[in-house]
Each structure stands twice: as structure tokens, then as C-alpha cells.
Amino acid sequence: MDQIITRFPPSPTGYLHVGGARTALFNWLYARNTGGKFILRIEDTDAVRSTQESVDAIFESLKWLEIDWDDGPYFQTKRYDLYKEYIQNLVDLGHAYYCTCTPEEIDAMREKAKAEGGKPRYDGRCRDKNLPPSDHAVVRLKAPPSGTTVIEDVVKGTIVFQNSELDDYIIQRSDGSPTYNLAVAVDDITMGVNVVLRGDDHVNNTPKQMMIYQALGIDLPVYGHLPMVLGSDKARLSKRHGAMSVSEFRDMGILPDAMLNYLVRLGWSFGDQEFFTRNELIEKFNLKNIGRSAGVFDQNKLLALNGEHIKASNPRDLIKPLRPFMNQRGYDPQDLDTLEKAIGTLLPRSKTLVEMAEGAEFYFTDIASYDEKAVQKCFQSPASDILGRLIQALEPLESFAEADLEHAFKGVMDDMGIGFGKVANPVRVALSGKNVSPGMFEMMGVLGKALALDRLKRAKAFIDAGI
Ligand code: GLU
């Protein structure tokens, strides 16, 4: 086959949501997997519902997901001349015709078809009239009168439509504007798209688009219709299921790679592998493993997978995505080495970047107050004594390497005849303000000697003051 050319053609009538992002991802992955081309096209012909805000949100979400396009963005509203040319060509070739039936006539046809138990359809009465263009005329495409139109769908298998059910549909409205299916087919044809992966809510549009290819004698693209994404109650995913737009997931602190990994698994599998890096997906994605059943969106699974992606990250790579979340909490560490170390201690403990920013805050801001429960539990006698002895043991140390810290802790444990947990508890609260934190020595390594000792002393003073 020639170079694979796929496309993502969102209608800018809202934010990029989970289903749309998955469609974009599948097309993008297939293009990347095959060394093909991925086109972005904005289907903005619905003037009432299309907004610039949605266009911007779609671009922003794709950029965040790092789904990049090789061609476009094209805007359908800028391509009306091309559509007109194609419509004229279809008329000239005898595949389309002007129709002047009034709305009342069309309604009557519908009623009649219904009364006869058939599908409401245009009865073709202007088909052979050879009418000229006129103010109120629409253009209709001649549907094949008999036989079948067959989609060899790479996801759903063979789908057969009876041509008797297809009618001569309108490709140009009376105001001269093209209709949706005409525009999509002309775009796909002129952009050389040869693989169309889209939601199965478009299945019924496909024969209409195929009619244009067939009229013009152009090879059909490969079609694959993806099952819808459902909510946990198996209803089609909608707002009431919670977060749905890609930007909401970004704001929840999901990593783009985790989002891609989650989205791909909503409709594609590779054995029982769940975790994929971006490069692995590009390498392994194929059409044959796209599933036939609907994916069920489960936010908890997304969070768990995000945790795994965070855990597998290189701390340095998280600095940039983490920064807005730290800024939101009002801190902005500039010492990148310390920040990297701090992130390193939080990798196994953060499901999201929101959690990570919260978890890292104590490293970079003064502890304004100790967690009340932690004080109750960990600042009881002999906490002051423990902290005092530890301060003494740590003060002469030249290095805060783990072995040296261990040695100092061991000295206090032996002197007092108590175990590591007993010593660690007040230290943990002194250093972090909380009783859940990264490992003791890890924290001390990040804070460094001066800051760690300062916090231990403050905690001792707090306990001694008996507040
Ligand atoms: N604009 C359509 C949508 O947003 C997609 C059409 C297509 O993929 O052919 O659902």
C-alpha cells in the first residue's frame, strides 16, 4: 500500500473529550506506526455550534497529549470553492441533479413512505427532469437504485447496506452551501486519506460518502468504526459520569503519556499488557487488535495507571509538568537539583501531579503548623529527648549520606533502647509536618543538613513549649 494517510476531523462544538481523543490517538498512532501522515481538519461548517473557543481547546488538548499533525489544520469553511467544484463536476457527470421539490412535497413523501411502512425517503421525482440551477434548487446525488453498498470494516467486519434504503441525498443546500457528507468525502479524497478510523456513530454516513467515491471512480479508503466509549453504568459516556474533557484530566494532574496509555486501552489490546510507553504504542499499534466491544471508562483505573507512569518517570522529566501544580499551591522552587531529588522521593507515592505538588510542598516551604493528629501521636514523651539526642548526633556529621544517617539513628536507638519506628516518628513530623511522608533518610537527603537540623530544633522547641 502507499503511504498511510489518516486524519482527525473534529467538529469544534465543544472541548476535546475522551472519545474524540481516542479517535485522534488511533489515527495518529497508525500513521506513526507505519511512517505515514496524520492530518488535522476542523469540520466547522455548522456556523451555529462551531466556536473559536472550541477550536483553541482542541488544539491545546492535542498539543498537551503531544499528538502532532503533519498537515493542516484545514478548516472546512475555507474550502467551499473546492466543494462547489466537486458538486458541479458530479452534476456535469450526471451523478447529481438539481431538485426543486418544496418542503411540503418532501413532507408528503415522508408521510406516504411512513404510511406504506417504509423508511422516509426522497422518491427521486426530480432525478430525470434535468432541471437547471435556480434560487431554490438543491443538488442531490443519485443513489444506486438497487444492490448493496458494503463496508469492509477493519473493526466491525462486513457491514451491508441495501441500496434501496439509500436515497438521493442533498449534497448542496439551496443557499449553495455543501452538506456534511459531501464536504467530508471531498476532503478525504483531496487530502489522499486512505484510512478512516472514526466513531461508530458515523457508520450511517459512510455509505453516503462511499457513493461520492463510487460516482467519481475513486478507490475507497479503509474504514474502521470504533465502538463508543461508555461510562461505568454502560451508558454512553457523558458529563454526568464526571470528568470527560482532556483538559480536565490535565488539570487533575494526569501525565499525557498515561492518558494516551489509558485511551488506547479503551479499544485496543496487546495480549494482556496494560502499561505502555508512548514509543511502545507507536511500535506496537495495529488495526487488527482494535476491539469490537465498547470500552468502559473508569477514572480510578486511569488514576492507578497514572501512578504507574509517574513511578516509571525520570524525575527530571517531571519538573516541567509539575511546575504549574506547585505554582498553584504558591511555591516555585528554583534549585533544580533539589527539586529533582524531591520528586524522586515522591515517585512511588503520587497518583497525580496534584498529589505530588502537595507532597513536595514541605521541602520548599516552612512548616507553618504540624498536623494535629501527627502531634498527638508522635510528639509525646520521649519525643523531645529523641530529637535532642538526634540533633547532637547529626550536628557533627559532614555528610548526610544514608550510611552516616543510619549510624546516627542507630546510636540514639541503642542509647535509649528503642526501635527505629519510635525514633523515626517524631523526626518524620518534625521534618515534614505530617506523619505520612517519604522515607526518613530520603527526606533528610533532600532537605540537607542545615534545614533538617533547623526543623528538628524547631520541633523540639515546640514540644518543650508544651503548646
Ligand atoms: N466531524 C466529525 C466528528 O467530530 C468526524 C467525522 C469523521 O471522522 O468523518 O464527529
Side-chain angles (χ1 to χ4, degrees), residues 4-31 36-59 61-62 65 67 69 71-80 82-83 86 149 151 153-156 159 161 169 171 177-213 218 220-229 236-238 244-246 263 266-267 287 290 294:
I4 296 293
I5 303 180
T6 66
R7 65 357 170 232
F8 177 55
S11 305
T13 54
Y15 299 109
L16 182 65
H17 55 81
V18 171
R22 185 193 58 167
T23 302
L25 175 62
F26 281 20
N27 283 287
W28 177 77
L29 281 175
Y30 194 52
K37 203 163 93 172
F38 174 68
I39 299 174
L40 179 62
R41 175 169 89 221
I42 303 296
E43 301 200 327
D44 55 348
T45 51
D46 183 339
V48 179
R49 293 175 60 224
S50 300
T51 64
Q52 185 58 41
E53 200 191 343
S54 302
V55 173
D56 294 342
I58 291 167
F59 288 167
S61 292
L62 289 173
L65 288 168
I67 292 183
W69 49 94
D71 201 1
Y74 292 98
F75 291 82
Q76 285 190 324
T77 45
K78 303 234 162 73
R79 296 167 62 81
Y80 276 29
L82 181 70
Y83 305 142
Y86 268 74
T149 295
I151 312 176
D153 192 299
V154 287
V155 180
K156 292 186 180 294
I159 307 172
F161 290 85
Y169 77 93
I171 55 176
S177 63
T179 58
Y180 172 76
N181 283 304
L182 180 282
V184 171
V186 170
D187 281 344
D188 286 342
I189 289 169
T190 52
M191 291 173 190
V193 171
N194 49 20
V195 175
V196 171
L197 302 174
R198 62 183 167 208
D200 64 7
D201 48 340
H202 286 283
V203 157
N204 289 327
N205 288 324
T206 303
K208 295 185 176 180
Q209 295 168 18
M210 287 166 74
M211 279 161 59
I212 294 173
Y213 282 80
I218 292 170
L220 291 170
V222 168
Y223 289 107
H225 291 92
L226 312 168
M228 294 285 99
V229 179
R236 189 175 166 173
L237 193 65
S238 70
M244 253 189 75
S245 73
V246 168
L263 287 173
L266 283 176
L287 299 185
I290 296 177

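First listed ligand is number 1; within each ligand, the first listed atom is number 1. Counting from 1, the numbers follow the sequence of the chain as shown. Since we're looking at a predicted model, the values are computed, not measured.
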Residues 9-20, side-chain donor-acceptor partners within the protein, below 3.5 Å, at least two apart:
{"from": "His17", "atom 1": "ND1", "to": "Gly19", "atom 2": "N", "distance (Å)": "3.2"}
{"from": "His17", "atom 1": "ND1", "to": "Gly20", "atom 2": "N", "distance (Å)": "3.4"}

Please confirm whether the backbone N or O of Thr6 pairs with a side-chain atom of Asn27, one donor and one acceptor, at under 3.5 Å?
no

Which protein residues have a heavy atom under 4.0 Å from ligand 1?
Arg7, Pro9, Pro10, Ser11, Glu43, Tyr180, Val184, Arg198, His202

Side-chain contact, heavy-atom cut-off 4.5 Å: Arg7 with Val184?
yes

So Val55 and Phe75, do their side chains get closer than 4.5 Å, heavy atoms only?
yes

Run the side-chain hydrogen bond (donor to acceptor under 3.5 Å, both in side chains) test against Thr149 and tell me which residues pass, sequence neighbours left out.
Asn163

So which pairs with a foot in residues 16-26 pass salt bridge (Lys or Arg N to Asp or Glu O under 4.0 Å), sequence neighbours left out?
none

